[in-house]
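Take a look at the structure set out below.
Sequence lines set the chain letters: A, B, ... in the order given, protein chains first and strands last, and positions in each chain run from 1. Note that the structure is a prediction, hence the values are computed from the model and not measured.
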Protein chains: 2
Amino acid sequence: MRNRWLDAIVYVRNRQSMETTPQRISAAESEVMKVLWADSPKAAEDVLAILATNQGWAEGTVKTLLNRLLKKGAIAADKDGRRFLYRPLIGREDYVDAESQGLLDRLFDGRLAPLVSHFSKREKLNPEDVAELRRLLEKIDDDQ
Amino acid sequence: MRNRWLDAIVYVRNRQSMETTPQRISAAESEVMKVLWADSPKAAEDVLAILATNQGWAEGTVKTLLNRLLKKGAIAADKDGRRFLYRPLIGREDYVDAESQGLLDRLFDGRLAPLVSHFSKREKLNPEDVAELRRLLEKIDDDQ
DNA sequence: ACATTTCGTTTACATGCGTAATCGTTGGCT
DNA sequence: AGCCAACGATTACGCATGTAAACGAAATGT
């Protein structure tokens, strides 16, 4: 059973080879994605400015990550004069969705309630959280 | 800012060096942990029997993983005649907790409600899930 | 025109991980 | 006593990742 990629979360197809080559977005790469999701397109310089500050990364690091994301097809680069502007190709919602579902699948039988239950048991829910969840459920009910 | 291990989920201290060396439990390793959490102590043979079936792993693979977990201090091995019996040193609850919290921190500002909200927006909540969540909230309220 | 700056591209390198095979030791069988 | 089987320990190896530095080409300033 090929299960090397059971944990593959967000993946893309490599379009030069027709082979299906799922590629995860790594933790470091996802920091870059976050920056682009927050506001794009952005030049490498701007991405660097943000990540240098909030992750302490050097220029080379950010460039490598941008390139790896390009190869993985997770972002695109559009020429803008002498430089490129980068923008995400995969949506943040899809990414979040896949990551979350992956965690639920691995740890909670794919369902949300057991996760909430776990948090409750571990006393990680303060009254505000509970209130917020309650409001959410009400809204969900209203909607249908 | 050293943040290489921001994502470190479950970690242990290497006791020969006093250095703090956080080590994640990898995906494959966590499969071994699952087996031991389900029932322990267990001989390598028994762990293998399970993982050979449900992951398709060869003997060498399982032994490597057991050894890596030992080195990481995530499990212990107690001599039982000529063989060893393995048992977890870190609790499943702690592991699950750290993994879950890690995801929430990375994607949902550390809070649970936004995750639930995300699932709801993505229409990943069927009525049963909603009902279950509602029951949970009631129970939580009752408890305090 | 030439030197310099600025980008993107290529190369680097240690460590972790998935996935085993092989080695070595020790107890048991004949 | 010697051989075999069973187990743990050691070694292997390619790919991913974190973390860059070095290289090269193009644009810019002088």
Side-chain angles (χ1 to χ4, degrees), chain A residues 1-12 14 19 21-33 41-49 51-52 54-72 74-86, chain B residues 1-12 14 19 21-33 41-49 51-52 54-72 74-86:
Chain A
M1 221 105 296
R2 312 293 322 120
N3 74 324
R4 196 186 322 204
W5 294 107
L6 265 191
D7 287 305
I9 299 297
V10 167
Y11 60 91
V12 296
N14 182 332
E19 230 188 319
T21 311
Q23 312 235 157
R24 288 195 94 233
I25 288 177
S26 79
E29 286 158 5
S30 80
E31 291 299 326
V32 175
M33 294 303 289
K42 264 188 166 53
E45 192 189 358
D46 304 324
V47 176
L48 170 61
L51 292 172
N54 80 36
Q55 307 283 327
W57 287 341
E59 196 184 339
T61 303
V62 172
K63 289 183 175 180
T64 299
L65 293 174
L66 283 170
N67 269 328
R68 287 181 182 167
L69 286 168
L70 274 173
K71 275 214 184 81
K72 290 182 181 183
I75 64 177
D78 312 300
K79 191 158 273 170
D80 170 54
R82 59 193 269 72
R83 60 172 74 193
F84 284 100
L85 295 182
Y86 299 89
Chain B
M1 221 102 295
R2 315 288 325 114
N3 75 324
R4 196 182 327 202
W5 294 108
L6 266 191
D7 287 307
I9 300 297
V10 168
Y11 62 92
V12 295
N14 181 331
E19 229 187 320
T21 312
Q23 314 235 154
R24 290 194 93 233
I25 287 177
S26 78
E29 286 159 4
S30 80
E31 291 300 324
V32 175
M33 294 304 289
K42 267 189 162 53
E45 192 189 357
D46 304 325
V47 176
L48 170 61
L51 292 173
N54 80 35
Q55 305 285 327
W57 287 341
E59 195 184 339
T61 303
V62 172
K63 289 187 175 175
T64 298
L65 293 173
L66 283 170
N67 269 329
R68 286 181 183 166
L69 287 168
L70 274 172
K71 275 212 184 82
K72 291 183 182 183
I75 65 178
D78 311 300
K79 189 158 275 170
D80 170 53
R82 57 195 271 75
R83 61 173 75 193
F84 284 100
L85 295 182
Y86 299 89

Under 3.5 Å, is there any donor-acceptor pair linking the side chain of B:T64 to the base of C:dA20?
yes
Return the value, rounded to whole Å, for the distance between atom NZ of A:K72 and atom C1' of D:dT17.
8 Å
Using side chain to side chain contact (heavy atoms under 4.5 Å, CB included) as the criterion, point out the one residue from A:L69, A:L48, A:I25, A:T61 that pairs with A:V32.
A:L69
Please tell me if the side chains of B:L65 and B:W57 come closer than 4.5 Å, counting only heavy atoms from C-beta onward.
yes
Against the side chain of A:L65, the closest entry in D:dG8, D:dA9, D:dG18 is D:dG18
What distance do A:I75 atom CD1 and A:R68 atom CZ have between them, rounded to the nearest 0.5 Å?
12.5 Å
Within the structure shown, what part of the strands sits under 4.0 Å from A:R82 by heavy-atom distance: base, sugar-phosphate, or nothing?
base
Rounded distance (Å) that lies between atom C1' of C:dC7 and atom NZ of A:K42:
18 Å
Give a yes or no on whether a donor-acceptor pair under 3.5 Å exists between the nucleobase atoms of D:dA20, that is its base, and the side chain of A:T61.
no
For the pair made of CG in A:L69 and C1' in C:dT9, what is the distance, rounded to whole Å?
16 Å
At less than 4.0 Å, is any side-chain N or O atom of B:K63 found next to OP1 or OP2 of C:dT22? Yes or no.
no
What is the separation between atom CD on A:E59 and atom P on C:dT5, rounded to the nearest whole Å?
14 Å
To the nearest 0.5 Å, atom CG of A:L85 lies from atom CD of A:E45 at 11.0 Å
Quick one: A:D80 CG to C:dC7 P, roughly how many Å, whole number?
11 Å
If the cut-off is 4.0 Å, is A:W57 near the phosphate of D:dG18, judged by side-chain N/O to OP1 or OP2?
no
At less than 3.5 Å, do the side-chain atoms of A:R68 and the base atoms of D:dG18 form a donor-acceptor pair?
yes
Give a yes or no on whether a donor-acceptor pair under 3.5 Å exists between the nucleobase atoms of C:dT15, that is its base, and the side chain of B:R24.
no
Take atom CD of B:Q55 and atom C1' of C:dA20, then tell me their distance rounded to the nearest Å.
16 Å
Base, sugar-phosphate alone, or nothing: which one does B:A44 contact when heavy atoms must sit under 4.0 Å apart?
sugar-phosphate
Straight-line distance of A:N67 CG to A:Y86 OH, nearest 0.5 Å:
6.0 Å
Separation of atom CG in B:N67 from atom P in C:dA20, rounded to whole Å
16 Å
Side chain of A:E29, heavy atoms from C-beta onward: which of C:dA20, D:dT19, D:dT17 has the nearest atom to it?
D:dT17
Between P on D:dG8 and NZ on B:K71, what's the gap in Å once rounded to a whole number?
15 Å
